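Please read the structure below before turning to the comments.
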Amino acid sequence: MNHVETVDLVLKELVETRHPSVSVRRVFKKHRVNYTDEMIKEVERTLTSKSLVKARGEDSAGYTCYALSETGTDFLKSFGTYQKYLKGLETEQKKVERARKKKPYDAAKNFQGEAPAPYSPPEKTYLQRNGLGVILLVFFIILFIIVAKIST
């Protein structure tokens, strides 16, 4: 299991367990995950750095137990899993990069040294403003001619 999956596993266990606090080692033992001390430290570091959990003493084996904090419950309500949170960060980074690559708006050059005028859209033509009305008028005239020919 990679780091993200183990963090999600611990968060899921903290939500579903009926115990007030659980150690990361017990979660890994329960789910039969091959773990190392370094892996446990990384998961604990990730969870505590984001303030998702708070330490609640030690278990019988002397390992630190963690309980979900208020920030952690809000985090899970908002994102669902740590993996979804990371995907969201990745998409935000892509959006930021795209925004940085965009060229800034270049106003019209004014050689007299005056400030450029604000953008004003071009004025619409008569047909653009009243196109629907003209189409309806032509439709009713054609309909009137057809009805007049049928009735005579």
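Everything numeric here is computed off the predicted structure, so don't read it as measured data.
V53 pairs with exactly one of V22, T64, T71, L47 by the side chain to side chain contact (heavy atoms under 4.5 Å, CB included) rule, that one being L47.
Residues that satisfy the salt bridge (Lys or Arg N to Asp or Glu O under 4.0 Å) test with R98, not counting sequence neighbours, are absent from this structure. By the side-chain contact (heavy atoms from CB on, under 4.5 Å) test, N34 is found to be paired with no residue, residues two or more places apart in sequence or in another chain being considered. Scored by the side chain to side chain donor-acceptor pair (under 3.5 Å) test, T46 finds H3 as partners (sequence neighbours excluded). Listed by chain and number, the residues in a side-chain contact (heavy atoms from CB on, under 4.5 Å) with F140 are L136, L143 (sequence neighbours excluded). By the side-chain contact (heavy atoms from CB on, under 4.5 Å) test, Y126 pairs with R129, N130, V134, sequence neighbours left out. By the side-chain contact (heavy atoms from CB on, under 4.5 Å) test, S120 pairs with no residue at all, sequence neighbours left out. With sequence neighbours excluded, the residues that form a ring pair (Phe, Tyr, Trp, His ring centres under 6.0 Å) with F75 are F79, Y85. For E97, the salt bridge (Lys or Arg N to Asp or Glu O under 4.0 Å) partners two or more places apart in sequence, or in a different chain, are R100.
Sequence neighbours left out, not one pair with a member in residues 39-66 passes ring pair (Phe, Tyr, Trp, His ring centres under 6.0 Å). Within the structure, salt bridge (Lys or Arg N to Asp or Glu O under 4.0 Å) pairs that include any residue of residues 19-33 comprise E13-K30, R25-D37, R26-D59 (at least two apart or interchain). Counting only residues at least two apart or on different chains, the ring pair (Phe, Tyr, Trp, His ring centres under 6.0 Å) pairs with a member in residues 10-53 are F28-Y35.
A distance of 12.0 Å separates CG in L132 from CG in L127, rounded to the nearest 0.5 Å.
Residues V147 and I142 do not share a hydrophobic cluster, clusters being chains of Ile/Leu/Val/Met/Phe/Trp/Tyr side chains in contact below 4.5 Å.
Here the shortest heavy-atom pairing between K54 and S69 reads CE-CA, 4.2 Å.
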Kindly determine whether M39 and T36 satisfy side chain to side chain contact (heavy atoms under 4.5 Å, CB included), including the steps that lead there. CA-CA 5 Å; M39 184 175 162; T36 61; 3.4 Å; yes
- Steps toward side chain to side chain contact (heavy atoms under 4.5 Å, CB included) verdict (E5, Y82): CA-CA 8 Å; E5 290 173 346; Y82 185 66; over 6 Å; no
message = I'd like to know whether L11 forms a side chain to side chain contact (heavy atoms under 4.5 Å, CB included) with T81, so could you lay out the CA-CA distance, the side-chain angles of the two residues, the decisive distance to 0.1 Å, and finally the verdict.
response = CA-CA 8 Å; L11 286 174; T81 62; over 6 Å; no
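L9 places none of its side-chain heavy atoms less than 4.5 Å from the side chain of K12. Inter-residue side-chain proximity for L68 and L52 is flagged as unmet; no heavy-atom pair is nearer than 4.5 Å. Annotation: side chain of N2 is not in contact with side chain of T6 (no heavy-atom distance under 4.5 Å).
A distance-only check finds no donor-acceptor pair linking the side chain of T48 to the backbone of S51 [under 3.5 Å].
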Atom pairs and distances, side-chain donor-acceptor, residues 87-94, under 3.5 Å, sequence neighbours left out:
unit_1	atom_1	unit_2	atom_2	d
T91	OG1	K87	O	3.4
T91	OG1	G88	O	2.8

